[in-house]
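To keep things clear, I will list the structure first and then write my remarks on it.
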Amino acid sequence: MEKHAYSLLLTKLHCVTSTAESGCDDIFFEVYAGTARSGGGYDETFLGRYFDQNPLHMKGTGDDADAFIDISFNADDIGAQSYVDYVRVFLYDNDDKNGWNGSESGRDKIGETWIWRDDALSGTKTIDQGKQGYGKGEAEYQLSYRVIDKPIQTLRVFGIYCEESSKGCDVGAVEEVFAVAELAATEASEVLGKNPRPRSQAMSKAFEKAADCMEAIGKVVIWAINAAEGADEVYIQHVDKGNNDIQGGGWPTNGKPYKMHEDNSKGARQVMLGEGGTEYIRIPIDQYEEVTLQLREQDPMTKDNCIGSFTIKQSEYSKYEVEGGRIVTADDYFNAFENQDSGQGALYQLCISVGLENWAESATHDAQGS
């Protein structure tokens, strides 16, 4: 087979039947790449572990039956080998309460599957606990994948900014602030100069501009419960807004939340991605009518809350592409997904862009040549 640059994307996981244990399976992955030796057999390279600190909660019924994965691999991930014959995916059920801690006793193998170079460019692989895993052998999962061999329409996230961390305030009052925040985000986007891949210096100035605009417009101080909870434990998921609470991949890839707060002494106020080897977030949007990124918080007092979300529709793609990088407000959390809590009083902004993305190269400015 001809050797050429491409990316393998694990897209979705579907639970046909969960394990015999009570409640949901707590799913995480390990992925390896294998290359044939000249004398026979294969050499394997460890590519990564995903969702180990915040597993996907899955069972074979309702919305918990499906999850977005959005895990991609290309030649940069494989390293010096640069060419592989297969990718092997291990599926585990995590038994550790606060995330897998590296102990073999803290995980149960459900099964594994291989995606071979000569397989179809898109398809589904079955992972069957009965043939490979532990226990009564009742679990069955279906892993969907696609091979990306040309640039595709993509949503990128380069920066996350905490204007106000969660404070539990009056919904009506916070919505008024969101209206102001939308205007401020529009003003701040001008600072980015329509660059489709904004750098951290420009993003920092844009986020500062948004904060200044809110003050200048006459932002009313309505964040009533300032005692609050300290830093937000933030992570981002690609979710399906139209199907209630279908969860999924995002940032960070291991799921471990990132501490954020508007006071830098209590947590990071902003996160910049894409430089210094740090990859930005990217989600394919070429096969979806809309894509929603949801900011969520793990908090010891309020458990797991939605603290904001942003949705882009396929019909809006051309408009966003022309605008280049822009600041958007994650202000859609009051339309909470079914069976999920909402955090009142949080205000987060994202620096995003859309465009044709070369997935054969890593999600960094240097790799993408910009």
Side-chain angles (χ1 to χ4, degrees), residues 5-16 25-34 44-58 64-79 84-94 100 107 109-129 132 139-150 152-156 235-240 246-255 279-288 291 293 357-363:
Y6 70 97
S7 175
L8 171 66
L9 177 66
L10 306 182
T11 57
K12 291 186 75 173
L13 185 68
H14 173 68
C15 178
V16 179
D25 291 343
D26 297 320
I27 299 298
F28 72 97
F29 295 82
E30 285 184 354
V31 185
Y32 295 78
E44 285 196 339
T45 300
F46 178 64
L47 297 184
R49 185 177 295 116
Y50 304 89
F51 305 109
D52 51 303
Q53 296 303 305
N54 187 14
L56 301 170
H57 305 298
M58 304 196 69
D64 290 329
D66 292 284
F68 292 107
I69 305 302
D70 297 329
I71 301 171
S72 65
F73 309 98
N74 56 33
D76 290 339
D77 299 305
I78 296 164
V84 300
D85 292 290
Y86 66 81
V87 167
R88 180 157 60 148
V89 182
F90 289 85
L91 193 65
Y92 293 100
D93 183 14
N94 174 26
W100 186 62
R107 66 179 183 177
K109 177 183 171 184
I110 291 178
E112 61 193 271
T113 191
W114 287 258
I115 301 172
W116 293 88
R117 175 172 284 275
D118 291 332
D119 283 341
L121 294 182
S122 63
T124 301
K125 297 284 185 174
T126 296
I127 302 175
D128 191 330
Q129 179 193 9
Q132 306 170 36
E140 180 182 339
Y141 283 81
Q142 294 177 343
L143 176 66
S144 297
Y145 72 92
R146 62 184 290 200
V147 174
I148 302 174
D149 57 359
K150 61 183 178 181
I152 61 170
Q153 295 177 341
T154 302
L155 168 64
R156 317 179 188 100
Y235 64 100
I236 295 177
Q237 286 193 325
H238 171 199
V239 300
D240 192 325
I246 292 178
Q247 60 195 314
W251 170 88
T253 55
N254 67 357
E279 295 193 344
Y280 51 81
I281 303 166
R282 58 183 178 184
I283 305 291
I285 57 177
D286 60 322
Q287 296 183 348
Y288 300 109
V291 167
L293 295 182
E357 177 83 0
N358 180 8
W359 285 67
E361 301 291 345
S362 297

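Computed from heavy atoms alone, side chains included, the values below leave out hydrogens, waters and symmetry copies. Counting begins at 1 with the first residue of the sequence.
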Side chain to side chain contact (heavy atoms under 4.5 Å, CB included) between Val31 and Arg88: does it pass, once the steps are laid out?
CA-CA 6 Å; Val31 185; Arg88 180 157 60 148; over 6 Å; no
Rounded to the nearest 0.5 Å, the CZ atom of Arg107 sits from the CG atom of Asp52 at a distance of 9.5 Å
For Phe51 versus Ile27, what's the shortest heavy-atom pair and its separation?
CB-O, 3.8 Å
Could you please spell out the steps behind the side chain to side chain contact (heavy atoms under 4.5 Å, CB included) verdict for Leu56 and Ile69?
CA-CA 9 Å; Leu56 301 170; Ile69 305 302; 3.8 Å; yes
Any donor-acceptor pair under 3.5 Å linking the side chain of Ser7 with the backbone of Phe73?
yes
Asp26 backbone acceptor or donor facing Asp93 side chain under 3.5 Å:
yes
Is Arg282 salt-bridged to Glu279, going by a charged N under 4.0 Å from an acidic O?
no
Report the C-alpha distance between Tyr288 and Gln153 in whole Å, list the side-chain angles of each, state the deciding distance to 0.1 Å, and finish with yes or no for side-chain hydrogen bond (donor to acceptor under 3.5 Å, both in side chains).
CA-CA 10 Å; Tyr288 300 109; Gln153 295 177 341; over 6 Å; no
Taken to the nearest 0.5 Å, the spacing of Ile283 CD1 from Asp70 CG works out to 4.0 Å
If you take all heavy atoms of Pro252 and Tyr235, which pair is closest and at what distance?
CD-CB, 4.1 Å
Between Trp100 and Asn94 the two heavy atoms that sit nearest each other are N-ND2, 3.6 Å
Atom CG in Leu143, atom OG1 in Thr113: separation rounded to 0.5 Å?
7.0 Å
Here the gap from Asp149 atom CG to Leu8 atom CG, rounded to the nearest 0.5 Å, amounts to 12.0 Å
Intermediate values then yes/no, side chain to side chain contact (heavy atoms under 4.5 Å, CB included), Asp240 and Phe68:
CA-CA 8 Å; Asp240 192 325; Phe68 292 107; 3.7 Å; yes
What are the two closest non-hydrogen atoms of Ala33 and Val84, and how far apart are they?
CB-CG1, 3.6 Å
State plainly whether the residues Asp286 and Lys150 are in salt-bridge range, i.e. N to O under 4.0 Å.
no
Least distance between heavy atoms, Glu112 atom then Ile127 atom
N-CG2, 3.6 Å
side-chain contact (heavy atoms from CB on, under 4.5 Å) partner of Leu9, the single match among Pro284, Ser122, Ser144
Pro284
Can you name the nearest heavy-atom pair linking Ile71 to Phe29, along with the distance?
CD1-CD1, 4.5 Å
Side-chain donor-acceptor pair present, Asp25, Tyr141, cut-off under 3.5 Å:
yes
Flag side-chain contact, heavy atom, 4.5 Å: Tyr92 against Arg49
no
Do Leu293 and His238 have side chains that get closer than 4.5 Å, going by heavy atoms?
yes
Could you walk me through whether Val89 and Tyr145 pass side chain to side chain contact (heavy atoms under 4.5 Å, CB included), step by step?
CA-CA 11 Å; Val89 182; Tyr145 72 92; over 6 Å; no
Atom pair CG (Asn74) and OH (Tyr6), whose distance is rounded to the nearest 0.5 Å:
9.5 Å
To the nearest 0.5 angstrom, please state how far the CD1 atom of Ile115 sits from the OG1 atom of Thr124.
9.5 Å
